[in-house]
Amino acid sequence: MKTKSLNKQLFQRSMQLLLLFLVIIGFLQTSLIYLYTENQRKMEVASYLEAIQQTPDLIGEEEPLTKEASELAEDFASDANIVFYASSGEKQIIHTNRLFLKNKETAAYNEPVYYEGKEIGTIEIIYSIHESVELMLTQLIIYVIASIVILVLAWRFYGRMLRKTLAPLDSVIASVSEVSVDNLDQPIVIADAQADIAKLVDSTNELKVRLHDSFQIIEENQHKLQQFVSDASHELKTPLTTIQGYSEILLRGKLDNPEKIRYSLESMLDQTKRLTYIVNELLELSKLDRKVQMGKAEGNLNDVLQDLFPLLKMIQEGRKLKLTIGELPTVMMNRKKIEQVILNIVQNAIFHSDPKTPIMIRTYQENEKVVMAVTDYGEGIAEKHLPLIFDRFYRVDTDRSRESGGTGLGLAICQDIMHAHNGEIDVQSIAGKETTFFIRFPKMMESV
């Protein structure tokens, strides 16, 4: 369906509205002329009747009404024909207008005449309305011609004025039509734009900014996805290659030493376990990415830590664990997932710190947050790595982490778990000195 341009629609509707106004004004003008002349006649009739009925000796001897009725007619209704019809049946011509045109449009007014409280007859006052009709027609013709001239002038000049007025809008349309991914960061600037069009420009520029940000996020996500696929492929390739190699050797029967056969099978089993671990972590990330609803309940972070502390002491590898508990309100949490976060952070602290140094675990309130901090005094993390350690498959020390069985997914899982709790996880570190991981939960809203 073909749509009309805004310029054309406004022009057509403006002309239609102007035509409607002209028709209404013409109708009102004609009606007012008619009502004015009609009112004038009625006033003349009323004045004449009032005058003759206040005349003494109204009844004549030779005529039903005295000559004074004719004399009053000259004063009050000189342009009318006046006839009196007496109750006795006599007819008396009171006044005749010599300029009265016969066989033309007339308006007649019949009113009773009273004398000394008694009705003595009816008086008929006849006006010629031919001239009034001609006057109204003349006025109407003049008005129609004037209206046509107004419409022509409006058509001639209003179109140009409208195009000039809407020129900023045309500029906006032209600018929007040129929008592409490459120029989303360039705002649209329209000079001398009206307030509404300026708002449209501002809204369009805001949309461009949002689109620009969205495209950047998409590009970043695409890059992360490509990196994720590459890293996942690399992580899976090593154990698969190992399993394949030992399988081929065993199938060829080249290993006749039971110890070598056992070593090969144990290596295959280790790599299989590593594959299972990687797949399980990838499945965990997949659930978090799909925002699978995890059951949450009210819980206290101190209770979780105290219940988990015996297990933490078992994996401490000779390190001193110091737990400092602050008074905490309850928060909404999935207890098993939070235990997973705590275990992962503490294991990282154990792995990256000197056995002779302690690991500090603290809980406290900070503004509207419930916080747990885990501090180790080990190798620390270089500043260049800090923004990246929560990325999937990212490892500060690649060889060492892979040897220990790390996949670079643990902190990414912790971050996604905390985001699912509307919380956050971050890190502060001084290279060669200490590292502190913080997990923060929002406080629960107190019910009124």
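Separating the CD1 atom in Ile141 from the CD atom in Glu134 is a distance of 10.0 Å, to the nearest 0.5 Å. Distance check: Gln139 CD to Met136 CE gives 10.5 Å after rounding to the nearest 0.5 Å. Taken to the nearest 0.5 Å, the CD1 atom of Ile350 stands 7.0 Å off from the CG atom of Leu312. In this structure, Glu38 CD and Arg41 CZ are separated by 6.0 Å, a value rounded to the nearest 0.5 Å. Between the OH atom of Tyr364 and the OG1 atom of Thr324 there is a distance of 11.5 Å, given to the nearest 0.5 Å. Note that the CE atom of Met15 and the CG atom of Leu22 stand 9.0 Å from one another [nearest 0.5 Å].
Heavy-atom contacts from other residues, nucleotides or ligands closer than 6.0 Å to CG of Asp75 number more than 12. Within a 6.0 Å radius of CE in Met43, other residues, nucleotides and ligands contribute 12 heavy atoms or fewer.
Across Lys322 and Met360, no two heavy atoms sit closer than the pair CD-CE, 3.3 Å. Of all the heavy atoms in Val374 and Ile359, the pair that sits closest is CG1-CG2, 4.1 Å. Taking both residues in full, the closest heavy atoms of Gln340 and Ile413 are given as NE2-CG2, 3.6 Å, listed atom of the first, atom of the second, then distance. Closest approach of Thr330 and Asn300 over heavy atoms only: N-ND2, 4.4 Å. Here the shortest heavy-atom pairing between Val341 and Cys414 reads CA-SG, 3.8 Å. Phe21 and Tyr143 get closest at one heavy-atom pair: O-OH, 4.4 Å.
Side-chain contact check for Glu298 versus Met332: some heavy-atom pair is nearer than 4.5 Å. The shortest distance between side-chain heavy atoms of Trp155 and Leu18 does not fall below 4.5 Å. Put simply, the side chain of Phe441 reaches to within 4.5 Å of the side chain of Met418, judged on heavy atoms. In this structure, the side chains of His421 and Val331 stay at 4.5 Å or more apart for every pair of heavy atoms. Contact check for Phe438 versus Glu366: no side-chain heavy atoms found under the 4.5 Å cut-off. Using a 4.5 Å heavy-atom cutoff, the side chains of Phe76 and Ile125 are not in contact. At least one side-chain heavy atom of Lys443 sits less than 4.5 Å from a side-chain heavy atom of Gln365.
Sorted by first then second residue, the salt bridge (charged side-chain N to carboxylate O under 4.0 Å, His left out) pairs that include residues 423-437, not counting sequence neighbours, are Glu424-Arg440, Asp426-Arg440.
Without hydrogens or angle criteria, Thr37 side chain to Tyr34 main chain gives a donor-acceptor distance under 3.5 Å. Between the Ser353 side chain and the Asp376 main chain, no donor and acceptor come within less than 3.5 Å of each other.
One finds no salt bridge joining Glu339 and Lys336 here, because no Lys/Arg side-chain nitrogen approaches an Asp/Glu carboxylate oxygen to under 4.0 Å.
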Apply side-chain contact (heavy atoms from CB on, under 4.5 Å) to residues Leu49 and Tyr109 and explain how you reach the verdict. CA-CA 11 Å; Leu49 286 174; Tyr109 302 89; over 6 Å; no
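The only option from Asp303, Leu301, Val371, Leu305 that meets the side chain to side chain contact (heavy atoms under 4.5 Å, CB included) definition with Leu328 turns out to be Leu301.
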